[in-house]
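Have a look at the structure below before the remarks.
What's counted below: heavy atoms across the whole structure, side chains too, no hydrogens, waters or symmetry copies.
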Amino acid sequence: MPIESKRWEKEFEQEILSEWKKNTPENTFQEKSKKPVFSIDTPPPYVNTPVHVGHTSTYCIMDFIARYKRMKGFNVLFPLGLDRNGLPIEMAAEKKFNKRFNEVPREQFLEMCHKVLEESSAESMDSFYKHGITFNSWKIGTKPGEIYQTDSAHYRSLTQDTFIELYKKGLIYEDVRINNYCPGCQTTIADAEIIYEDKNTFFNDITFKVKGTKEEMIIGTTRPELVTTCGMVIFNPKDDRYQHLEGKTAVTPIFEKEVPIQSHPMAEIDKGTGLAMMCSAGDLSDIRFFREMNLKPIIAIDTTGKMNEHAGFLKGLSVRKAREKMIETLQEKGLLVNQKQTTHRTPVCERSKDEIEFIEMKEYYLKQLDFKEKMKKIALDTKFFADQSRSLLLDWIESISIDWPISRRRYYATEVPLWYCTKCKEVILPLKGKYHQPWREKPPISKCPKCNGTDFKGEKRVLDTWFDSSISPLYILQWSRDHSFFKKNYPCSLRPQGKEIVRTWLYYTLFKCYLLTNQKAFENVWIHHHIVDEHGKKFSKSKGTGVDPKEVLDKFGAEPFRMWVALEGNLDRTDFRCSFERIEGGKKTLTKLWNTCRFISLFPKPKNKPKKLDEIDEWILSEINGLVEKADNGFGKYDFHNPTVDVKHFLWETFSSHYLEMIKSRAYNKEKAFSKEEQESAIWTLYQCLEKMLLLLAPVVPFITHKLYQEIFGGNAHDRAFPKSEKTGFKGDFSTEELVGLNSGIWQFKKEKGLALNKEIPSYKIPKKFKSIEKTLQSCHKIGKIEFS
RNA sequence: GGGCUCGUAGUUCAGUGGUAGAACGUCGCUUUGACGUGGCGAAGGUCAGCGGUUCAAUCCCGCUCGGGCCCACCA
């Protein structure tokens, strides 16, 4: 049946979606299938903020991969997860109810979080669904392939199982240490949760005295409020200006504390005055310095971000206020000799953007320093797409300097599953396989195994959110839940994710999975860059510059967007600029594909392959087979860009502009200039090429290929095997460029002579190599007599 | 300071050791049979700069400049 409508309409998508919703066996993960499993550990999006086109683009590419792998005969495990734990949810709840988490009872705060979660879950899923992304299931559940939520009892129990196992292995320990503390979130955070911002601050030159002399020293600092914690003054061993100070004692301004003066290579001659005051916990370098020099740190900032009793007259002030007051006081006493504005790379909390302070607290740590070399090996043993993305991970592993602090003093996250005997302090571990809330549940035993004590205290702290996100491949592959399934299918085939979370999600996942399974977690890792706005700037939620996928769906529908994602570039190498104009360009290719099908559908499809094919038919078949091979190779490396560009070029140029023009008269055969067999050869070839083109494009543009395939060939394109490259009978007397050049030359010749393209020309000179397609050229260009030379 | 990456047409990007490519945009021409959301054509580039290897460099190597990202102990 010929196709009637003249173009692809976005309204078609609705029908197809509802058809897929009713009947999608090919998307479902078949637990009992004998096909090899290809597992994709997709990033669970945070539910409280709607996704933008950056997300939908990357999930579309993941869907390209899933669809391609299905056509290649894999049983594709492609579940959607929803991330619902942790600070973003808590912060949203605090904002919505205008209450800090520690101002209300814990149960009540959890209720607030649940309210926020209830209101926010559906929208992102709807966007994914409308983009034609074929997650295995749209149902929230616990079976392989079903949507999982990281805050479900099922997921959290697995997170706790990993804690219990690592604890038993002796890899988790509790220690009192100076670590990163976010005063806004009021919790310890890991290095990976810190980002750096350039902040304006003052570089203050302040006066220290040298004990027993009249000499004064000028020392520059950005943190004058920490003078009280100064433990030493240093200068560079090669700095001639200060050699005489070696071994003397400095007296700090205002606090009048005596500290040693020493030479130390960490002091740089040309920084400030060349003298540095070493404070405990001004930044990470200070912490290391105090450790090295065996100095006792003085912590002057408490857990609310305010100065404590060590800060003397600054006590009770916030760090910023204390700094202002200190500068004021120094100025009054004539101890501030100079002040200039400078920008300082300041560590801030990536969530709340508060400046990090360094505070001593008791926290649980997971050992990671001992495994750096092993982790590097795993990084080298995992395939990265693009390969150069691996260095993001290697750089991070290289820079790790402390163990991973995993406990957090917050509420909405997976609880640390521990109880303590109040009598003998024995740590009580629960059994695996169940979700535990020690802060409100009884311990799993009634008597302490060590002292027979009967009174226990449940742990109040929770786990870092990355501690649970980092088990996603274990979760989707049923670790500790279905042993044979896990054994058969681990490591996970593919982790697709953004470059910005290499040091968190990727690193922590590889790390934890290694500790638990002694193996790499992934065969392949695909790292993507970002969709940026028209000016090349990052989408920013706070500035509201993210493009809403709904706007794209309203304007274009999903299909032109998917086409654009594939055509625009390689997202594993570069950022894309989001441009509606260029998405519109994707739509044109759909129209071209549609009309190509419409043309072919004018001719009844031959039942059998003709015995003999015309040379030009063999030629186009060899072209499409080459294309199939290229696409298969590219898709296999998660390159959907180059093959799609190639298919588009083939469709538009080689196939439409050249092949179709050359066989039109033979396919119509209105003047009966061709035999029936010759005519059928053309028509059969048209259908062959079309079927392969549709199947090549099916992973990228599933809607249009589905509809066209169904109308023309019957059946479901997404259920078909990916096309294979076949040998053809093309002898190859001429190359494709030569043929294209020949046709273009003739068209140009006619144009220059002012002749219509369908006008006859009495004769034309053509190279001998085209002899085998003489009849084709004659009928296409209406040449009376071809002179071969 | 270190690392990665990019610098090609007005714009966004491909690309190759041998005459420089596409899309979009611009301008001109083209109106009936798959497609005007089409077709044909034009203008537009010292392939960032400098040096080296080579018969030949936009491509390989080195340096410089300029963007972007990541890391780092700039008091």
Side-chain angles (χ1 to χ4, degrees), chain A residues 2-4 6-8 191 195-196 203-205 219-223 226 230 233-236 264-268 270-279 282-289 292 342-345 386-401 499-500 502-503 529-530 532 534 536-538 560 564 567-570 573-579 581-603 641-642 645-646 648-649 652-653 656-657 660-661 664 667-668 670 686 744 747-748 750-752 754 756-757:
Chain A
I3 293 170
E4 293 199 358
K6 273 196 169 182
R7 58 190 69 98
W8 170 254
D191 286 349
I195 56 171
Y196 287 83
F203 194 69
N204 307 282
D205 284 344
I219 297 180
T221 179
T222 53
R223 301 288 307 262
L226 292 178
C230 177
V233 169
I234 59 169
F235 62 89
N236 191 282
H264 191 280
M266 216 176 110
E268 288 175 46
D270 48 4
K271 284 262 158 65
T273 60
L275 289 166
M277 69 164 190
M278 300 311 291
C279 298
D283 58 38
L284 283 175
S285 69
D286 298 341
I287 295 169
R288 254 168 247 159
F289 183 84
E292 272 171 35
T342 173
T343 56
H344 180 67
R345 293 272 291 164
D387 195 54
Q388 55 265 38
S389 297
R390 182 185 287 106
S391 62
L392 296 174
L393 178 61
L394 287 170
D395 284 353
W396 178 250
I397 295 172
E398 189 55 51
S399 73
I400 290 169
S401 62
K499 62 178 175 180
E500 79 287 359
V502 165
R503 65 179 182 167
H529 290 236
H530 296 291
V532 294
E534 284 171 306
K537 290 263 158 55
K538 257 191 199 172
W564 169 76
L567 291 176
E568 188 68 14
N570 261 332
R573 293 181 55 188
T574 180
D575 291 345
F576 287 8
R577 297 189 183 201
C578 182
S579 145
E581 212 171 63
R582 295 176 65 81
I583 296 173
E584 183 72 35
K587 200 174 145 192
K588 287 190 181 179
T589 302
L590 300 180
T591 307
K592 191 71 180 175
L593 179 65
W594 186 265
N595 281 294
T596 303
C597 289
R598 203 156 80 95
F599 172 70
I600 295 173
S601 73
L602 292 173
F603 306 102
H641 170 63
N642 290 300
V645 169
D646 287 344
K648 178 190 168 186
H649 183 262
W652 217 295
E653 304 296 329
S656 295
S657 295
L660 289 191
E661 293 307 328
K664 249 181 193 170
Y668 281 120
K670 281 196 178 132
L686 285 174
S744 302
W747 287 323
Q748 205 162 347
K750 286 191 173 180
K751 179 116 180 165
E752 278 163 12
L757 293 185

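Phosphate contact (OP1/OP2 of B/rC35, side-chain N/O of A/Arg598, threshold under 4.0 Å): present. For A/Arg503, a side-chain nitrogen or oxygen approaches OP1 or OP2 of B/rC71 to under 4.0 Å.
Checked by distance alone, A/Lys6 brings no side-chain donor or acceptor within 3.5 Å of a matching partner on the base of B/rC35.
When each of A/Thr596 and A/Thr273 is assigned the nucleotide of RNA chain B bearing its nearest heavy atom, the one mapping closer to the 5' terminus is A/Thr596. Both A/Asn642 and A/Ser656 lie near RNA chain B, and the one whose nearest nucleotide falls closer to the 5' end is A/Asn642.
For the atom pair CH2 (A/Trp594) and OG1 (A/Thr589), the distance works out to 15.5 Å, reported to the nearest 0.5 Å. Annotation: the span from A/Asn236 atom CG to A/Leu275 atom CG amounts to 10.5 Å, rounded to 0.5 Å.
Nucleotide B/rC74 forms a pair with no other nucleotide shown, judged by Watson-Crick or G-U wobble geometry with both contacts under 3.5 Å. Using the Watson-Crick or G-U wobble rule with both distances under 3.5 Å, B/rA22 pairs with B/rU12. Pairing of B/rG38, defined by two Watson-Crick or G-U wobble distances under 3.5 Å, is identified with B/rU30. Taking a pair to require two hydrogen-bonding distances under 3.5 Å in either a Watson-Crick or a G-U wobble arrangement, B/rC65 pairs with B/rG7.
Here the nucleotide nearest the side chain of A/Glu661, chosen from B/rC35, B/rU12, B/rC71, is B/rC35. For A/Lys588, the listed nucleotide lying nearest its side chain is B/rC24; candidates were B/rA14, B/rC40, B/rC24. Considering only side-chain atoms of A/Trp396, the nucleotide from B/rU37, B/rA75, B/rC71 that sits closest is B/rC71. Of the candidates B/rC69, B/rA14, B/rA23, the closest approach to any side-chain atom of A/Glu653 belongs to B/rA23. Residue A/Leu392 places its side chain closer to B/rC70 than to any other of B/rC70, B/rA23, B/rU37. Which of B/rC40, B/rC4, B/rA14 sits closest to the side chain of A/Ser391 comes down to B/rC4. Checked against B/rG39, B/rA23, B/rC71, the side chain of A/Trp652 finds its nearest nucleotide in B/rG39.
Between A/Asn595 atom CG and B/rG39 atom P the separation is 11 Å, expressed in whole Å. Taking atom CD1 on A/Ile583 and atom C1' on B/rU12, their separation rounds to 13 Å, with Å as the unit. Rounding to whole angstrom units, CD of residue A/Glu584 and C1' of B/rC24 are separated by 11 Å. Spacing between atom CD1 of A/Ile234 and atom C1' of B/rC74 amounts to 12 Å, rounded to whole angstrom units. A/Asp395 places its CG atom 9 Å from the C1' atom of B/rG2, with the value rounded to the nearest Å. Rounded to a whole Å, the CZ atom of A/Phe203 is 12 Å from the P atom of B/rC74. As rounded to whole Å, 19 Å separates atom P of B/rC71 from atom CZ of A/Arg390. Summarising the geometry, the separation between CG on A/Leu660 and C1' on B/rG33 is reported as 14 Å, rounded to the nearest angstrom.
Within 4.0 Å of A/Gly220, counting heavy atoms only, lies at least one base atom of the nucleic acid. A/Lys592 comes within contact range of at least one nucleobase, with a heavy-atom separation under 4.0 Å. Among the heavy atoms of the strands, none lies under 4.0 Å from A/Ile219. No contact: A/Ser744 has no heavy atom under 4.0 Å from any strand. The residue A/Glu398 sits apart from the nucleic acid: no heavy atom pair falls under 4.0 Å. As judged by a 4.0 angstrom heavy-atom cut-off over every strand, A/Lys587 is placed among residues making no nucleic acid contact. Within 4.0 Å of A/Gly586, counting heavy atoms only, lies no atom of the nucleic acid at all.
With both ends at atom P, the span from B/rU37 to B/rC24 equals 13 Å, rounded to whole Å. When the P atom is compared between B/rG39 and B/rC61, the two are found 40 Å apart, to the nearest whole Å. Annotation: B/rG51 and B/rA57 have their C1' atoms spaced 13 Å apart (nearest Å). Atom name P, nucleotides B/rG2 and B/rG62: the rounded distance is 15 Å, in whole Å. Nucleotides B/rA43 and B/rG7, compared at atom P, are 26 Å apart to the nearest Å. Atom name C1', nucleotides B/rA14 and B/rC73: the rounded distance is 43 Å, in whole Å. Rounded to whole Å, the C1' atom of B/rA20 lies 13 Å from the corresponding atom of B/rG44. Rounded to whole Å, the separation between the P atoms of B/rA75 and B/rU16 comes to 45 Å.
Here the side chain of A/Asn595 pairs no donor or acceptor atom with the backbone of A/Arg7 at under 3.5 angstrom. Counting only distance, with no hydrogens or angles, the side chain of A/Thr591 and the backbone of A/Trp8 share no donor-acceptor pair below 3.5 Å.
Counting heavy atoms from C-beta on, the side chains of A/Trp396 and A/Val502 never come closer than 4.5 Å. Contact of the A/Glu500 side chain with the A/His530 side chain is registered, since non-hydrogen atoms from C-beta on lie closer than 4.5 Å. In this structure the side chain of A/Lys592 reaches within 4.5 angstrom of the side chain of A/Ser656, judged on heavy atoms.
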Practice problem: Might you work through the side chain to side chain contact (heavy atoms under 4.5 Å, CB included) test for A/Val233 and A/Phe235, ending with a clear yes or no? | Solution: CA-CA 7 Å; A/Val233 169; A/Phe235 62 89; over 6 Å; no
